[in-house]
Visitor: 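Sharing a structure with you now.
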Amino acid sequence: MASSATIEGDYDYIIVGAGPAGCVLANRLSADPQTRVLLLEAGKHDNYHWIHIPVGYLYCIGNPRTDWMMKTAPEPGLNGRTLLYPRGKVLGGCTSINGMIYMRGQAADYDGWRQMGNKGWGWDDVLPYFRKTEDHYLGASDQHGSGGEWKVSKQRVNWDILLAFQRAAQEFGIHPTDDFNSGTNEGSGFFEVNQNRGVRWNAAKAFLKPVRNRANLRVITEAHTDHILLNGKRAEGVSFRKDGKIHEVRAQREVLLTAGAINSPKILELSGIGRADILSSLGLPIVHALAGVGENLQDHLQLRTVYGVSNALTLNHKANSVLGKLAMGLEYALRRSGPLSMAPSQLGMFSRSDDSRDTPDLEYHVQPLSTDKLGDPLHPYPAITVSVCNLRPESVGSTHTASTDCDVQPDIRLNYLAAESDRIVALKSIGQVRKIMQAEALKRYSPKELLPGPAVTSEKDLLHAIGDIGTTIFHPIGTCKMGQDDRAVVNDRLQVHGLDGLRVIDASIMPKIVSGNTASPVVMIAEKAAEMILAGHKAQ
């Protein structure tokens, strides 16, 4: 156990949270041996075998060893259901438990951020940072990087039923694409993944482990940050708990909050920074009123449709067979390929819910398996899951600390389907899936709709069914959004409005959700932030 003498003290930068942003920042800021960097992580080391075997996400989500074990409040749009809301609590953060999909979003997403007044955040501005961090399996190009830390690989598994679905989608008008990450992601293809030879490549492996031996970098795990230490309007350090003791550490330059879209606003509020009414209701001091803290919560809602199939091999069959399990284990042990190397989703598609859309607003995740819910046993019959997400939801929620007790999880309210436009897109999504499943390319598999079910046809019944099958796809963003309006928390340099020495650098700063998965955009955000931080220090 580290003594107080080795923990407490002064650093140049204190980073709170070792998710993707924290790992990138720790790497970049400690490159100068004269710069002292402290990285605090509430979770444990990532030396847990299920983190590294790709299919192990099933054993990491809902596991207190790696997951914060959060839940949402009852969701009215989901028929009052409460959802499990996984968040990584381990070195690497959510990149240690997520679906490993490498996705940037669309150029229009970032151009939209810039048009909101966030200078330097357009597509042309951020593309160099995506490329800098990337080590793409095809090598360098105008769109992709080579030699960076963030490995991007092909998946090492094939399923005939997924190829048939891709052909069916082409009949519908969704054509194959070679690259989802060139600024437009329209089309169908197999997701590229953050893996290295069939093993998960998390942010800790990519950015943290290569520099762990730097004398000027200290990483402390199982360190729960309670609040930021403020002197007037300047952040001077943080208070955290480890091994039953309270420690205070000071930052000579800046405190960098990288705890994610749920925990970053919680830490701000526990520090007296946030909505005055929320703070007052809990008896917290109003040190710095910021109305946007915890607001603007956005997430992608996925609608999980299930279709039984015939004449097709699916993971359901393999996973429910002793011989199938042995064969999968042997293939992975010998080749690091096969079902154990699978990302949760293999085939991806991006399409438009209707012709009025300028760019795709739907993302499909197609899987050669089916289950009642994530983590449950696979069904005993062959089936596939076709999940579809509204990429640009209008419904907005919030997350706020629920107690002055730091160990109480926040009150998370997504407000899924609250906006009428989202309900319309949800209905169109199901209709699009049903049309694709009727295509000639799938007829030999005799697809049979199991969820929501062919008897569900009226708009009223379908909306109710959508409330039953809808669930999170784990992309919360926006709760400390970047901007200049009265609900913005940080400026375009990610500095907290009205405070010195404090930045937020994670998915919470996104003003609008990107049109795809969110892990790699966070890597980009941190890479850009590191450059801004270092440039600002040199200018002083």
Visitor: Give the intermediate values and the outcome of side-chain contact (heavy atoms from CB on, under 4.5 Å) for residues Ser508 and Lys481.
Guide: CA-CA 6 Å; Ser508 69; Lys481 79 167 187 171; over 6 Å; no
Visitor: For Tyr332 and Val199, run side-chain contact (heavy atoms from CB on, under 4.5 Å): C-alpha distance rounded to whole Å, both residues' side-chain angles, the deciding distance at 0.1 Å, then the answer.
Guide: CA-CA 10 Å; Tyr332 188 76; Val199 177; 3.7 Å; yes
Visitor: Under 3.5 Å, is there a donor-acceptor pair between the Thr314 and Trp159 side chains?
Guide: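 No donor-acceptor contact under 3.5 Å links the two side chains.
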Visitor: Using side-chain heavy atoms (C-beta onward) and a distance below 4.5 Å, is Leu290 in contact with Val293?
Guide: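 Leu290 vs Val293: side chains touch.
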Visitor: How about Asp376 and Thr371: does a side-chain donor come under 3.5 Å of a side-chain acceptor?
Guide: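 Side chains of Asp376 and Thr371: no pair found under 3.5 Å.
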Visitor: Salt bridge between Arg487 and Glu295, side-chain N to carboxylate O under 4.0 Å?
Guide: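 Salt bridge between Arg487 and Glu295, a charged N being under 4.0 Å from a carboxylate O: yes.
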Visitor: If you define the side chain from C-beta out and look only at heavy atoms, does anything of Ile505 sit under 4.5 Å from Val522?
Guide: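 Not touching, per the 4.5 Å side-chain cut-off.
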Visitor: Under the side-chain contact (heavy atoms from CB on, under 4.5 Å) rule, what do Asp299 and Tyr416 come out as? Steps first, then yes or no, please.
Guide: CA-CA 8 Å; Asp299 191 10; Tyr416 289 128; 2.7 Å; yes
Visitor: Without swapping roles, check the side chain of Ser264 against the backbone of Ala259 for a donor-acceptor pair under 3.5 Å.
Guide: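 Answer holds: yes.
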Visitor: So do Ser345 and Ile101 actually touch side chain to side chain, heavy atoms under 4.5 Å?
Guide: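 Heavy-atom side-chain distance check passes, below 4.5 Å.
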Visitor: Tell me, do Ile267 and Val16 make a side-chain contact under 4.5 Å, heavy atoms counted?
Guide: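 Contact flag for Ile267/Val16 side chains = yes.
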Visitor: Would you sort out whether Phe474 and Ile97 count as a side-chain contact (heavy atoms from CB on, under 4.5 Å), showing the intermediate values?
Guide: CA-CA 11 Å; Phe474 323 126; Ile97 70 171; over 6 Å; no
Visitor: Given 3.5 Å as the limit, does a donor-acceptor pair link the side chain of Trp113 with the main chain of Lys512, or not?
Guide: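 Checked: pair present.
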Visitor: If only atom types and distance count, is the side chain of Gln367 paired as donor or acceptor with the main-chain N or O of Pro344 below 3.5 Å?
Guide: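 Yes.
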Visitor: Between His379 and Ser370, is there a side-chain donor-acceptor contact under 3.5 Å, judged purely by atom types and distance?
Guide: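 Present: a donor and an acceptor within the cut-off.
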Visitor: Whether the side chain of Asn316 engages the backbone of Tyr381 through a donor-acceptor N/O pair (distance < 3.5 Å, no angle test) should be reported.
Guide: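 Judged by distance alone, yes, a pair lies under 3.5 Å.
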Visitor: With no hydrogens and no angle check, do the side chains of His365 and Glu363 hold a donor and an acceptor under 3.5 Å apart?
Guide: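 Their side chains do contain a donor-acceptor pair, which is all the 3.5 Å distance test asks for.
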Visitor: Do Asn194 and Asn98 have side-chain heavy atoms sitting under 4.5 Å apart?
Guide: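 No, every pair of side-chain atoms sits at 4.5 Å or beyond.
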Visitor: For residues Leu284 and Glu269, report the shortest heavy-atom separation together with the two atoms involved.
Guide: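 Reported closest heavy-atom pair: CD1-O, 3.6 Å.
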Visitor: Would Asp361 and Ser353 count as having a side-chain donor-acceptor pair, cut-off 3.5 Å?
Guide: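 Per modelled atom types, Asp361 and Ser353 side chains form a pair under 3.5 Å.
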Visitor: Does Asn79 CG have over 12 foreign heavy atoms under 6.0 Å away?
Guide: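 Check passes, neighbour count above 12.
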Visitor: Is the side chain of Ser271 donor-acceptor paired with the backbone N or O of Ile228 at a distance under 3.5 Å, no angle test?
Guide: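 Looks like yes, one N/O pair under 3.5 Å.
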Visitor: Using a cut-off of 6.0 Å, state whether more than 12 heavy atoms not belonging to Tyr59 lie near its atom OH.
Guide: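 Count not over threshold, so no.
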Visitor: Are Gln166 and Ser188 close enough that a side-chain donor and a side-chain acceptor fall under 3.5 Å?
Guide: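 Yes.
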Visitor: Got Met510 and Ile525 here, is their nearest side-chain heavy-atom distance under 4.5 Å?
Guide: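 Result yes, sub-4.5 Å side-chain heavy-atom pair found.
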Visitor: Give a yes or no on whether the backbone of Ala21 and the side-chain of Thr258 come within a donor-acceptor separation of less than 3.5 Å.
Guide: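 Side chain of Thr258 to backbone of Ala21, a donor-acceptor pair under 3.5 Å: no, none is there.
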Visitor: Side-chain contact, heavy-atom cut-off 4.5 Å: Leu391 with His300?
Guide: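 Answer yes - side chains close enough.
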Visitor: Check whether Gln106 reaches the backbone of Pro360 with its side chain - one donor and one acceptor, N or O, closer than 3.5 Å.
Guide: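 Yes, because the side chain of Gln106 sits within donor-acceptor range (under 3.5 Å) of the backbone of Pro360.
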Visitor: Can you find a side-chain donor-acceptor pair between Arg200 and Ser96 that sits under 3.5 Å?
Guide: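 Side-chain D/A pair, Arg200 to Ser96: absent.
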Visitor: Determine whether Trp50 and Asn63 make a side-chain contact, defined as any pair of heavy atoms from C-beta on separated by less than 4.5 Å.
Guide: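 Contact flag for Trp50/Asn63 side chains = no.
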Visitor: Using a 3.5 Å distance criterion without hydrogens, assess whether the side chain of Thr401 forms a donor-acceptor pair with backbone atoms of Ser403.
Guide: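 It does hold such a pair.
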Visitor: Do Tyr102 and Asn517 pair up side chain to side chain, a donor and an acceptor below 3.5 Å, judged on atom types alone?
Guide: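 Absent: no donor and acceptor within the cut-off.
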Visitor: Could you report the tightest heavy-atom contact between Lys242 and Glu222, atom names first, then the distance?
Guide: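 The answer is CG-O, 3.7 Å.
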Visitor: Scan side-chain atoms only and decide if Lys205 and His52 contain a donor-acceptor pair under the 3.5 Å cut-off.
Guide: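 Note: Lys205 and His52 side chains meet the donor-acceptor criterion.
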Visitor: Determine the minimum heavy-atom distance between Glu41 and Gly17, stating which atoms define it.
Guide: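 Taking every non-hydrogen atom into account, OE1-C, 3.9 Å.
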Visitor: How long is the span from the CG atom in Asn185 to the CZ atom in Arg104, to the nearest 0.5 Å?
Guide: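 It comes to 11.5 Å.
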Visitor: Could you walk me through whether Arg241 and Asp226 pass the salt bridge (Lys or Arg N to Asp or Glu O under 4.0 Å) check?
Guide: CA-CA 7 Å; Arg241 287 170 291 128; Asp226 292 336; 2.8 Å; yes
Visitor: What are the two closest non-hydrogen atoms of Gly99 and Ala343, and how far apart are they?
Guide: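 For Gly99 versus Ala343, the nearest heavy atoms are O-CB, 3.3 Å.
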Visitor: Keeping Arg352 on the side-chain end and Asp358 on the backbone end, is there a donor-acceptor pair under 3.5 Å?
Guide: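 Checking the backbone N and O of Asp358 against the side chain of Arg352, a donor-acceptor pair under 3.5 Å is found.
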Visitor: Among residues two or more places apart or on two chains, list those pairs meeting side chain to side chain donor-acceptor pair (under 3.5 Å) that have a residue in residues 421-434.
Guide: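 Listed once each, the pairs are Ser351-Gln432, Asp354-Lys428, Tyr364-Gln432, Asn390-Asp422, Ser395-Asp422, Arg434-Glu449.
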Visitor: At what distance, to the nearest 0.5 angstrom, does CG of Leu83 lie from OG1 of Thr72?
Guide: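 These two atoms lie 4.0 Å from each other.
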Visitor: Looking at Cys23 and Phe207, what are the two nearest heavy atoms and their distance?
Guide: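 Minimum heavy-atom separation between Cys23 and Phe207: O-CB, 3.5 Å.
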Visitor: Any side-chain donor-acceptor pair under 3.5 Å between Ser458 and Asp461?
Guide: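 Indeed, the side chains of Ser458 and Asp461 share at least one donor-acceptor pair under 3.5 Å.
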Visitor: If every non-hydrogen atom of Cys94 is compared with every non-hydrogen atom of Gly88, which pair is closest and at what distance?
Guide: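 Scanning both residues, the minimum pair turns out to be SG-N, 3.3 Å.
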Visitor: Is it the case that the side chain of Asp46 and the backbone of Val90 share a donor-acceptor pair, with hydrogens and angles ignored and the cut-off at 3.5 Å?
Guide: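 Here the side-chain-to-backbone pair does not exist.
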Visitor: When you check the side-chain N and O atoms of Tyr110 and Asn118, is any donor under 3.5 Å from an acceptor?
Guide: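 Judged by distance alone, the side chains do not pair up.
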